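These numbers come from a predicted model, not from an experiment. Order of appearance sets the numbers: ligands from 1, and atoms from 1 within every ligand.
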Amino acid sequence: MVDLYKNKISVIGLGVVGLTTAVGFALKGHRVIGIDIDPEKVMKIAQGMSPIYEKGLGEALKKSRIHAAIDFEQILDSDISFLCCGTPSNGDGSIDLRYMKGATEQLAEVLKKKKTPHLVVVRSTVVPGTTEDRIIPYFKDLAEVGICVNPEFLREGTALEDFMSPSRIVIGESEPRWGDILLDLYDDFVCPVLRTNLRTAEMIKYASNAFLATKLSFINEIGNISKKLGIDVYEVATAMGYDKRIGSEFLRAGIGFGGSCFPKDVAALVARAEETGYIPKILKEVLQLNREQPLRMLELLRKHIPELRGKTIGLLGLAFKPDTDDVRESRAIPIIEALVKEGAKVRAYDPWAMPNFQKLFPQIEYTSAQEVLASDATLIVTEWDEFNCLDYSNSIVIDGRRVDSAQKARICEGVCWEGNNNVGKEKPADLMASLDRIRI
Ligand SMILES: NC(=O)c1ccc[n+]([C@@H]2O[C@H](COP(=O)([O-])OP(=O)(O)OC[C@H]3O[C@@H](n4cnc5c(N)ncnc54)[C@H](O)[C@@H]3O)[C@@H](O)[C@H]2O)c1
């Protein structure tokens with residue numbers, strides 16, 4: 001029987017990155033086997049159900065017919081394996097490679113039985129030097145195994161779209177012949193392709209994330225200064241963004257960045273730099289400012305409700321950003337911790353992330369957006385589109401994400417901008433008009 005598939009690929013680790021990679025390559029006509037150690041996850045995927053909420057991924061998974069398993073032996077029926085396991089932080093911020101180690105060990109064991117060449121691709125984010133020092137040694141006795149580093153740049157919320165239309169493809173290669181295989185695999189992707197050595201490819205991923213995180217902490221700092229001076233940072237940012245050298249993205253001031261990447265990747269790069277004896281001052285401050293930023297909401301809240309004990313405080317948004325149910329490093333976490341510590345009763349609403357958040361904070365109340373708005377005060381933590389359609393008119397709102405319609409609240413205080421914090425006065429028509437002007 002003729003094999004209609006272009007290549008046989010295995011993907012190890014079926015989280016956001018692995019599942020997207022698996023589904024994306026399957027849609028491109030490759031045969032894909034997905035491997036994960038989590039049997040529940042594997043069972044869901046095998047039934048065509050996405051274990052995560054990602055726009056378009058569920059429907060694409062149904063179409064893609066990927067094969068999911070927990071059995072590493074299945075990898076023998078593939079020629080290219082993508083390692084997509086998680087790389088979380090240790091307590092000191094350094095990279096925790098335990099999942100990569102576990103998967104690599106199992107992969108190397110299986111590949112001992114393979115008679116034909118096999119390419120191992122590190123797609124997880126690993127600090128520079130990891131592939132050479134911690135991955136390659138497992139394969140050193142296997143002559144026909146090649147190694148590449150191929151970082152993923154997808155954004156959660158648009159993961160599949162980003163996989164299918166990447167901004168660039170980086171191929172770090174142990175030898176050009178192995179990079180050539182990866183180049184062939186990406187043949188029908190339209191974007192710049194850069195070929196580098198392994199550790200450069202690893203650094204490109206960290207430098208990219210560290211830059212974006214820095215841009216966010218930078219605009220938050222400008223926002224903090226602007227607020228003190230009665231300046232609207234969104235007007236400032238809009239004008240800055242027209243400069244091509246700056247660019248308009250990642251200039252939304254607010255309560256900082258969360259998610260599974262920026263905080264841990266910047267921390268891991270700091271730790272890796274310190275191992276070499278270099279202290280990365282900017283990056284350390286980026287993280288420090290990001291730790292403090294969500295707590296500014298509480299300072300602003302206390303201006304309106306000085307004693308939080310016994311008061312009901314509502315949160316709109318629990319996901320670390322809109323269009324995902326991922327709550328890793330969500331800014332809602334330190335905010336709720338601080339509210340609970342001060343004796344406030346917390347209620348919260350998020351369109352998708354409540355089940356995940358409930359695992360972290362079973363003690364708070366999960367309810368509707370309307371109930372949240374009936375609290376003594378409401379904090380906007382994630383800028384879901386639907387929050388722009390709510391009626392804020394009877395609420396006190398501390399807005400961490402610049403949701404336009406929150407300006408119509410009884411009182412609205414922006415974390416890095418003024419809002420309409422003018423009890424008893426008319427709504428600031430000038431501010432509303434200027435917000436309309438800067439919407440581009
Ligand atoms: N999430 C993102 O937006 C994103 C974007 C770009 C890069 N990355 C990087 O990609 C990597 C994966 O991220 P993620 O968010 O998909 O992680 P994740 O934690 O969502 O998923 C990792 C998966 O690996 C599985 N796993 C762990 N050990 C395993 C083993 N030994 N064998 C098989 N499976 C195993 C886990 O069960 C889990 O399903 C990380 O290095 C991350 O930094 C993430």
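- Between Lys113 and Glu73 a salt bridge is recorded (basic side-chain N to carboxylate O distance below 4.0 Å).
- Both the backbone and the side chain of Leu154 come within 4.0 Å of ligand 1, judged by heavy-atom distances.
- Using a cut-off of 4.0 Å between Lys/Arg side-chain N and Asp/Glu carboxylate O, Glu156 and Arg328 are scored as salt-bridged.
- Summary of contacts: the protein heavy atom closest to atom 19 (O) of ligand 1 is Arg328 NH1, 3.3 Å.
- The shortest contact between atom 9 (C) of ligand 1 and any protein heavy atom is with Thr125 OG1, 3.3 Å.
- From the protein, the heavy atom lying nearest to atom 13 (O) of ligand 1 is Val17 CG2, 4.0 Å.
- Using a non-hydrogen distance threshold of 4.0 Å, Phe153 does not register as a contact of ligand 1.
- Salt bridge absent: Lys101 and Asp96 never bring a charged side-chain N and a carboxylate O closer than 4.0 Å.
- For atom 21 (O) of ligand 1, the closest non-hydrogen atom of the protein is Gly15 CA, 3.2 Å.
- Comparing heavy-atom distances from atom 37 (O) of ligand 1 across Asp36, Asp38, Val16 singles out Asp36 as nearest.
- Residues Tyr349 and Phe387 are in side-chain contact: their nearest non-hydrogen atoms beyond the backbone lie under 4.5 Å apart.
- Given atom 41 (O) of ligand 1, the protein heavy atom at minimum distance is Thr87 OG1, 2.5 Å.
- Classification of Glu54 and Arg155 as a salt-bridged pair fails, no side-chain N sitting under 4.0 Å from a carboxylate O.
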Only pairs under 3.5 Å count here: list side-chain donor-acceptor contacts from residues 20-28, not counting sequence neighbours, and write none if there are none.
residue, atom, partner, partner atom, Å
Thr20, OG1, Val16, O, 2.5
Thr21, OG1, Val17, O, 2.7
Thr21, OG1, Arg123, NE, 3.3

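- The aromatic rings of Phe189 and Tyr186 lie perpendicular to each other, with more than 60° between the two planes, well past the 30° mark.
- Distances from atom 11 (C) of ligand 1 to the heavy atoms of Cys261, Cys85, Ala103, Pro39 show the closest one on Cys85.
- The protein atom (non-hydrogen) at minimum distance from atom 28 (N) of ligand 1 is Ile37 CD1, 3.4 Å.
- Listed by atom number, the atoms of ligand 1 under 4.0 Å from Lys205 heavy atoms are 6 (C), 7 (C).
- Taking every non-hydrogen atom of Lys264 and a distance limit under 4.0 Å, the qualifying atoms of ligand 1 come out as 42 (C), 43 (O).
- Atom numbering of ligand 1 starts at 1 in the shown order; those under 4.0 Å from a heavy atom of Lys41 are 38 (C), 39 (O).
- Residue contacts with ligand 1 for Phe262 are absent, since no atom lies close enough (heavy atoms, distance under 4.0 Å).
- Legend: salt bridge (Lys or Arg N to Asp or Glu O under 4.0 Å) pairs involving residues 190-219, not counting sequence neighbours, sorted by first then second residue: Glu132-Arg199, Glu173-Arg195, Asp180-Arg195.
- Salt-bridge annotation for Asp79 and Arg31: absent, with no side-chain N of the basic residue lying under 4.0 Å from a carboxylate O of the acidic one.
- A salt bridge links Glu413 with Lys227; the closest basic N to acidic carboxylate O contact falls under 4.0 Å.
- Phe72 CZ, 3.4 Å is the protein heavy atom nearest to atom 32 (N) of ligand 1.
- Using a 4.0 Å cut-off to heavy atoms of Ile12, the atoms of ligand 1 that qualify are 32 (N), 33 (C).
- A salt bridge does not link Lys62 with Glu59: none of the charged nitrogens is closer than 4.0 Å to a carboxylate oxygen.
- Nearest protein neighbour of atom 6 (C) of ligand 1, counting heavy atoms only, is Glu152 O, 3.3 Å.
- Distances from ligand 1 to the non-hydrogen atoms of Met100 include no value under 4.0 Å.
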